[in-house]
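Only this structure's heavy atoms are used, side chains among them; waters, hydrogens and symmetry mates stay out. FYI, the numbering just counts along the sequence from 1.
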Amino acid sequence: MELPLKQKDLGQDRRVGYRDAGEGPVVLALHGVGSSSASYVEQLRGLSDRFRVIPWDAPGYGGSDDPASESPQPRDYAADAVALLDALGIEQACLLGHSMGGLIAAAAVAIAPDRFPRVVLSSCASGYNTRDEEERATRLQGRLGLLTEVGPQGLAEKRGPGNCAPMTPPAVVERVVEIMSRVRPEGYSAGAHLLDNGDVFRELRAWPKPPPPTLVMVGKHDKTTPPAGSRRIAHCIPGARYIELGESAHAGYLEQPALFNRLVAEHFGG
């Protein structure tokens, strides 16, 4: 069962949706482009005995208002994540970012390093800003064209199963598809542009020295953000720990939730 959505007003008629469970050190969880706070149902259930777990909805997703820009930068959403902590009266939070959320998490540490003492980057998206223009255009139009052609449900049916490993139980695949089917076109489109604008390595270069202790993990079968990319990200963060989830693809938080939660809890000190 999903926890009910809450909303916080960030000012200037901007509301952010989030879910909230547990007590203890705060874990702020940022989701991917085809997802929402609903993706973290297993983390809300499995970590809230040790942590206060707060998954947000990025602008244009779930309970959040549409984004202010059609083509945001990672630091735009990172600033909203920091503003959500401010609105909740939270000074510091451990930061969990998955896929697009990993790119946003990297930007959040870059702009507010004192707020995030520990970080987990899960199947982190690198962004496409440094790719050649033809590849960028092809990737962006591929995402947006499919959404326009078949809508959120069709998008989920075509892309969702590919986020799961061959051994992932059918019920989990169905869950991934169902969550993706809820995306709003405004949010998904802005998220696709954020990925096009983003460069995780640019964000990592702005991290403090030494950086916050960081765990980088990825599914062994991940074709969306393949392990080679996560290994490169981990290599750029001094002291980072790198782990592959052997029976996961891109949705490790749902495919192997017990292992995922154990690794997160150990890293965050719970």
Side-chain angles (χ1 to χ4, degrees), residues 2-22 26-41 43-44 52-116 125 127 129 140 143-144 147-148 151-153 155-156 179-199 203 206:
E2 292 179 7
L3 290 177
L5 273 170
K6 300 181 179 182
Q7 289 181 315
K8 268 294 179 183
D9 188 349
L10 303 187
Q12 299 179 329
D13 295 322
R14 293 183 305 133
R15 294 171 301 170
V16 168
Y18 67 101
R19 301 173 200 265
D20 193 343
V26 177
V27 175
L28 179 64
L30 312 178
H31 63 80
V33 69
S35 190
S36 71
S37 62
S39 293
Y40 287 114
V41 61
Q43 286 63 57
L44 286 161
R52 181 182 177 188
V53 184
I54 304 176
W56 86 332
D57 288 318
Y61 290 81
S64 293
D65 290 337
D66 287 344
S69 169
E70 295 180 355
S71 185
Q73 298 289 332
R75 294 192 183 192
D76 296 332
Y77 283 16
D80 280 350
V82 173
L84 175 59
L85 293 182
D86 289 342
L88 293 171
I90 296 169
E91 184 61 31
Q92 287 192 325
C94 297
L95 191 55
L96 167 59
H98 178 79
S99 195
M100 178 185 76
L103 177 55
I104 298 168
V109 176
I111 67 170
D114 294 339
R115 307 296 293 272
F116 306 107
N129 183 261
L140 183 60
R143 284 185 184 274
L144 300 184
L147 178 64
T148 300
Q153 183 65 45
L155 173 79
I179 291 171
M180 188 178 288
S181 72
R182 304 184 203 178
V183 297
R184 304 207 310 265
E186 298 82 2
Y188 187 84
S189 176
H193 281 281
L194 183 148
L195 290 171
D196 181 61
N197 293 332
D199 174 11
E203 305 301 344

Item checked: Heavy-atom check, side chain of Cys94 versus side chain of Leu96, under 4.5 Å -> no

Next item on the list: Working to the nearest 0.5 Å, report the span between CE of Met180 and OH of Tyr188.
Entry: 6.5 Å

Check: Do the side chain of Arg115 and the main chain of Glu91 share a donor and acceptor less than 3.5 angstrom apart?
Finding: yes

Next item on the list: Please confirm whether the backbone N or O of Gly17 pairs with a side-chain atom of Ser64, one donor and one acceptor, at under 3.5 Å?
Entry: yes

Checklist line | Contacts of Glu70 that satisfy side chain to side chain contact (heavy atoms under 4.5 Å, CB included) - sequence neighbours left out | finding: none

Next item on the list: Would you give the length of the straight line joining atom CG of Leu5 to atom OG of Ser37, rounded to the nearest 0.5 angstrom?
Entry: 5.0 Å

Note to self: The test is side chain to side chain contact (heavy atoms under 4.5 Å, CB included); show your working for His193 and Leu144 and say whether it passes.
What the structure shows: CA-CA 9 Å; His193 281 281; Leu144 300 184; 3.8 Å; yes

Check: What closest approach, in Å, do Pro74 and Gly198 show between heavy atoms, and which atom pair accounts for it?
Finding: CG-CA, 3.7 Å

Checklist line | Nearest-0.5 Å distance, CZ of residue Arg143 to CG of residue Leu195 | finding: 5.5 Å

Check: Which atom pair, heavy atoms only, marks the closest approach of Asp114 to Gln92?
Finding: O-NE2, 2.7 Å

Notebook entry, point to check: Got a sec, which residues hit side-chain hydrogen bond (donor to acceptor under 3.5 Å, both in side chains) with Gln153, two or more places apart in sequence or on another chain?
Noted result: Glu157

Notebook entry, point to check: Are Leu84 and Leu28 close enough, and set up right, to give a side chain to side chain contact (heavy atoms under 4.5 Å, CB included), and what steps lead you there?
Noted result: CA-CA 10 Å; Leu84 175 59; Leu28 179 64; 4.3 Å; yes

Note to self: What's the separation between atom CD1 in Ile104 and atom CH2 in Trp56, rounded to the nearest 0.5 Å?
What the structure shows: 5.5 Å

Next item on the list: First locate atom CD of Gln7, then atom CG of Asp57, and finally report the distance between them rounded to the nearest 0.5 Å.
Entry: 9.0 Å

Item checked: Criterion side chain to side chain contact (heavy atoms under 4.5 Å, CB included) on Arg19 and Ile54, from CA distance to verdict -> CA-CA 6 Å; Arg19 301 173 200 265; Ile54 304 176; over 6 Å; no

Item checked: Considering all heavy atoms, the nearest Ala38-Arg182 contact -> CB-NH1, 3.6 Å

Check: Does the Tyr61 side chain pair with the main chain of Val33, one donor and one acceptor, at a distance under 3.5 Å?
Finding: yes

Checklist line | Heavy-atom closest pair, residues Ala105 and Gly97 | finding: CB-CA, 4.2 Å

Margin query: If you compare all heavy atoms of Asp65 against all heavy atoms of Arg184, which two are closest, and at what distance to 0.1 Å?
Written below: C-NH2, 3.9 Å

Checklist line | Distance (rounded to the nearest 0.5 Å) between His98 NE2 and Leu103 CG | finding: 12.5 Å

Next item on the list: Sort and list the pairs that fulfil ring pair (Phe, Tyr, Trp, His ring centres under 6.0 Å) and have at least one residue in residues 64-93, not counting sequence neighbours.
Entry: none

Item checked: Criterion side chain to side chain contact (heavy atoms under 4.5 Å, CB included) on Asp20 and Leu3, from CA distance to verdict -> CA-CA 8 Å; Asp20 193 343; Leu3 290 177; over 6 Å; no

Note to self: Can a donor-acceptor pair be found, under 3.5 Å and without considering hydrogens, that links the side chain of Tyr18 to the backbone of Gly63?
What the structure shows: no

Next item on the list: Specify the closest pair of heavy atoms between Arg75 and Ala107, including all atoms of both residues, with the distance to one decimal.
Entry: CG-CB, 3.8 Å

Margin query: Any non-hydrogen side-chain atom of Val183 less than 4.5 Å from a side-chain atom of Ser36?
Written below: no

